[in-house]
Amino acid sequence: MNWFFRFMNSSVGKKIIMATTGLLLCSFLIIHLFGNLFLYGGPELFNTYVERLASVKPLIRVIEVLLALIFLFHILNSLWLTLGNRKANPVKYDVNRTRDNSSFFSRYMGITGSIIFIFLAVHLSTFWYKFQIDHEGGQFYRIVTGNTVGFNNPYITGLYILAMILLGFHLRHGFQSAFQTFGIRYNKYGKLIEAIAVLFWFAIPLGFVLIPIYFGLLKGGF
Amino acid sequence: MQVFLKVWRQADAKSEGQFVTYTVENVTEDMSFFEMLDMLNNQLVLKGEEPIAFDHDCREGICGTCGLFINGRAHGPLRGITTCQLHMRSFNDGDSIVVEPWRAEAFPVIKDLIVDRTAFDRIMSAGGYISVNTGGVPDANTIPVPKPKADEAFDAAACIGCGACVATCKNSSAMLFVAAKVSHLALLPQGQVERKQRALNLIAAMDMEGFGACTNTGACEIECPKEISLVHIARLNREFLKASLI
Ligand code: HEM
Ligand code: SF4
Ligand code: FES
């Protein structure tokens with residue numbers, strides 16, 4: 001077990017945890033977006049889809065626990081890393097032209113991540129809570145599009161749009177960074193990773209952001 | 001030409017420092033940045049003031065002693081050079097130039113623009129070497145090294161330990177420096193015996209010295225005077241993973 005603690009405590013080990021959890025979260029994004037597409041099929045299709053999911057509750061619960069653990073590791077580890085990095089660099093330069101040598105996305109991972117975290121807290125305490133406990137007899141579609149916690153509420157719509165744009169920013173740097181952390185970015189897979197990265201930082205966040213735009217801004221009543 | 005300098009002055013490691021501004025006249029564009037500072041220092045000495053302390057030795061970009069943070073860039077605005085290779089033709093008449101020491105917890109300021117980089121030496125002594133028996137000099141080509149590997153190892157070996165990578169990194173990470181050392185020796189047959197231990201020990205030493213972790217922003221690669229590539233950080237990560245898990 002000695003090697004394990006040494007690994008977890010080392011800066012590179014922490015980065016490998018960051019990259020592993022980050023990519024696992026990316027794979028969850030695909031599944032989640034797939035489910036969201038049922039919204040476009042109208043209330044009946046969406047409600048039936050959610051009921052179907054409810055019929056495999058034990059499996060869902062296991063996945064939820066795993067997901068929560070992955071998130072927890074990603075977030076706590078990022079906090080640990082960020083605090084360590086601050087300590088390593090306490091005195092800032094009077095003039096620092098960071099724009100000349102690094103991307104905006106790479107420098108603000110902590111900020112984009114933190115806003116995604118706020119989104120996550122709101123998302124879980126509204127949609128997740130309502131879907132599990134307070135779903136008004138299976139009116140899932142109405143919860144999502146309604147005006148309490150749904151996209152008829154301009155604040156909710158605004159937060160979702162902002163968070164999904166920032167998720168795109170987070171993954172603009174994060175996705176390829178994870179492969180660099182594993183040490184496999186600069187080899188024969190480099191081009192492939194770059195192509196898949198576009199899917200994750202552009203296509204998938206776009207898929208997510210279209211939902212509040214469509215149900216909030218276009219179809220919504222405000 | 002005439003330039004306006006804003007220079008970090010600090011009497012010693014314990015004192016509080018502050019910026020002091022100087023106007024330097026009769027600067028020519030053929031002067032190196034250091035020759036401009038030398039000229040200013042001569043004037044300061046004549047006035048009975050303390051000259052500005054800065055590190056330098058070879059003044060031809062090979063020793064790694066020099067290093068200033070100039071107008072927000074490590075080693076100044078150009079790529080692929082050390083501070084001693086920077087010339088005043090990179091500036092314009094009337095420019096304001098801010099000159100700061102490397103900033104990192106692991107590189108404390110000793111005086112003015114000089115920082116203590118012995119943390120790098122301690123990292124090196126944790127494994128940045130190969131152990132060989134002393135004796136007669138072995139024949140140069142007894143151990144075959146494929147040309148592409150030799151070239152890549154040489155690219156990494158070009159690191160002069162200047163610390164610009166640490167200075168520019170938002171986390172003050174020493175990953176590029178450590179990557180250069182680990183990569184250099186991992187690519188060569190002579191480095192195989194201590195390969196695993198080297199990756200583990202150098203990273204442990206780097207962490208212990210108080211350098212930060214890598215966020216892969218890539219700033220180090222841009223500012224490195226020897227243009228050490230992020231490819232070497234990728235290799236360092238692989239070496240660490242293999243040494244830890246296998
Ligand atoms: C919930 C709040 C989140 C926070 C606070 C957060 C924070 C961070 C931070 C600070 C980093 C950079 C660590 C470093 O290199 O110094 C990072 C990296 C990363 N994050 Fe997040 N993140 C969050 C959510 C997410 C989500 C939802 C995903 C994906 C769906 C994700 C994917 C990634 C990836 C792939 C990396 C790159 C790992 C690497 O550089 O090796 N993160 N995160
Ligand atoms: S990697 Fe480059 S910037 Fe860093 S110490 Fe070596 S030569 Fe200097
Ligand atoms: S003084 Fe030797 S590299 Fe600049």
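A, B, ... follow the sequence lines: proteins, then strands. Residue 1 opens every chain.
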Please determine whether the number of non-hydrogen atoms from other residues, nucleotides or ligands lying under 6.0 Å from atom OH of A:Tyr129 exceeds 12.
no

Salt bridge (Lys or Arg N to Asp or Glu O under 4.0 Å) against A:Glu194, all qualifying residues, sequence neighbours excluded:
none

Please check if atom CZ in A:Phe117 has more than 12 non-hydrogen atoms from other residues, nucleotides or ligands closer than 6.0 Å.
no

Heavy-atom pair of closest approach, residues A:Tyr186 and B:Ala234
CD1-CB, 4.2 Å

Using a 4.5 angstrom heavy-atom cutoff, name the option from B:Pro77, B:Cys214, B:Gly218 with the most pairs to chain A.
B:Cys214

Of the backbone (N, CA, C, O) and the side chain (C-beta and beyond), which part of B:Pro101 lies under 4.5 Å from a heavy atom of chain A, both, or neither?
backbone

Answer with yes or no whether the side chains of A:Asn101 and B:Thr168 bring together a donor and an acceptor at under 3.5 Å.
yes

Measure the CZ-OG distance between B:Phe211 and A:Ser11 for me, rounded to the nearest 0.5 Å.
11.0 Å

Please name the pair of heavy atoms, one in B:Asn216 and one in A:Gln180, separated by the smallest distance, quoted to 0.1 Å.
OD1-CG, 3.4 Å

Here the gap from B:Lys170 atom NZ to A:Lys92 atom NZ, rounded to the nearest 0.5 Å, amounts to 8.5 Å

Using non-hydrogen atoms only, which part of B:Ile233 is less than 4.5 Å away from chain A: side chain, backbone, both, or neither?
both

Would you say CZ of A:Phe73 has more than 12 non-hydrogen atoms from neighbouring residues, nucleotides or ligands within 6.0 angstrom?
no

Give me the atom names and distance for the closest heavy-atom approach of A:Ser10 to B:Phe240.
OG-CZ, 3.1 Å

Side-chain heavy-atom pair A:Arg6, B:Leu200 within 4.5 angstrom cut-off
yes

Given 3.5 Å as the limit, does a donor-acceptor pair link the side chain of B:Ser172 with the main chain of A:Ala88, or not?
yes

Contact check, side chains of A:Asn89 and B:Glu105, non-hydrogen atoms, under 4.5 Å:
no

Below 4.5 Å from any heavy atom of chain A, which atoms of B:Ala74 appear? Answer side chain, backbone, both or neither.
neither

How far does CD of B:Glu223 sit from OG of A:Ser102, to the nearest 0.5 angstrom?
9.0 Å

Toward chain A, the part of B:Cys220 with a non-hydrogen atom under 4.5 Å
neither

Shorter than 4.5 Å, heavy atoms on both sides: which option in B:Glu221, B:Met175, B:Arg103, B:Met206 has the most such pairs with chain A?
B:Arg103

Within the 3.5 Å criterion, strictly below it, is a donor on A:Thr181 or B:Asn237 matched to an acceptor on the partner's side chain?
no

Taking A:Val91, A:Val95, A:Leu81 one by one, which has the highest count of heavy-atom pairs under 4.5 Å against chain B?
A:Val95

Does NZ in B:Lys147 sit with more than 12 non-hydrogen atoms of other residues, nucleotides or ligands closer than 6.0 Å?
no

Rounded to the nearest 0.5 angstrom, the CZ-CZ distance for B:Phe69 and A:Arg97 is 10.5 Å

For the candidates A:Thr82, A:Asn9, A:Asn96, A:Ile16, which exhibits the highest count of non-hydrogen atom pairs separated by less than 4.5 Å from chain B?
A:Asn96

Atom OH of A:Tyr40: over 12 foreign heavy atoms under 6.0 Å:
yes

Would one find more than 12 heavy atoms of other residues, nucleotides or ligands at under 6.0 Å from atom CZ of A:Arg99?
no

When you measure from the side chain of A:Asn85 to the backbone N and O of B:Gly212, does any donor-acceptor pair fall under 3.5 Å?
no

What part of B:Asn71 is in contact with chain A, defined as an atom under 4.5 angstrom from a non-hydrogen atom: side chain, backbone, both or neither?
backbone

Got a second to check how far B:Leu245's CG is from A:Phe4's CZ, nearest 0.5 Å?
10.0 Å

Taking atom NZ of A:Lys57 as the centre, does the number of heavy atoms from other residues, nucleotides or ligands within less than 6.0 Å exceed 12?
yes

Are there over 12 heavy-atom neighbours, none belonging to A:Arg86, within less than 6.0 Å of that residue's CZ?
no

Under a 4.5 Å heavy-atom cut-off, does chain B meet the side chain of A:Lys87, its backbone, both or neither?
backbone

Rounded to the nearest 0.5 Å, what separation is found between the CG atom of A:Asp94 and the CH2 atom of B:Trp8?
9.0 Å

Side chain, backbone, both or neither: which part of B:Val98 has a heavy atom under 4.5 Å from chain A?
side chain

Can you say whether B:Phe19 sits under 4.5 Å from chain A via the side chain, the backbone, both, or neither, judging by heavy atoms?
side chain

Out of A:His173, A:Arg107, A:Met18, which residue meets the side-chain contact (heavy atoms from CB on, under 4.5 Å) rule with B:Thr215?
A:His173

Can you tell me which portion of B:Ala104 sits under 4.5 Å from chain A's heavy atoms? Options are side chain, backbone, both or neither.
both

I need the residue from B:Leu230, B:Leu241, B:Ile203 with the largest number of non-hydrogen atom pairs under 4.5 Å to chain A.
B:Leu230

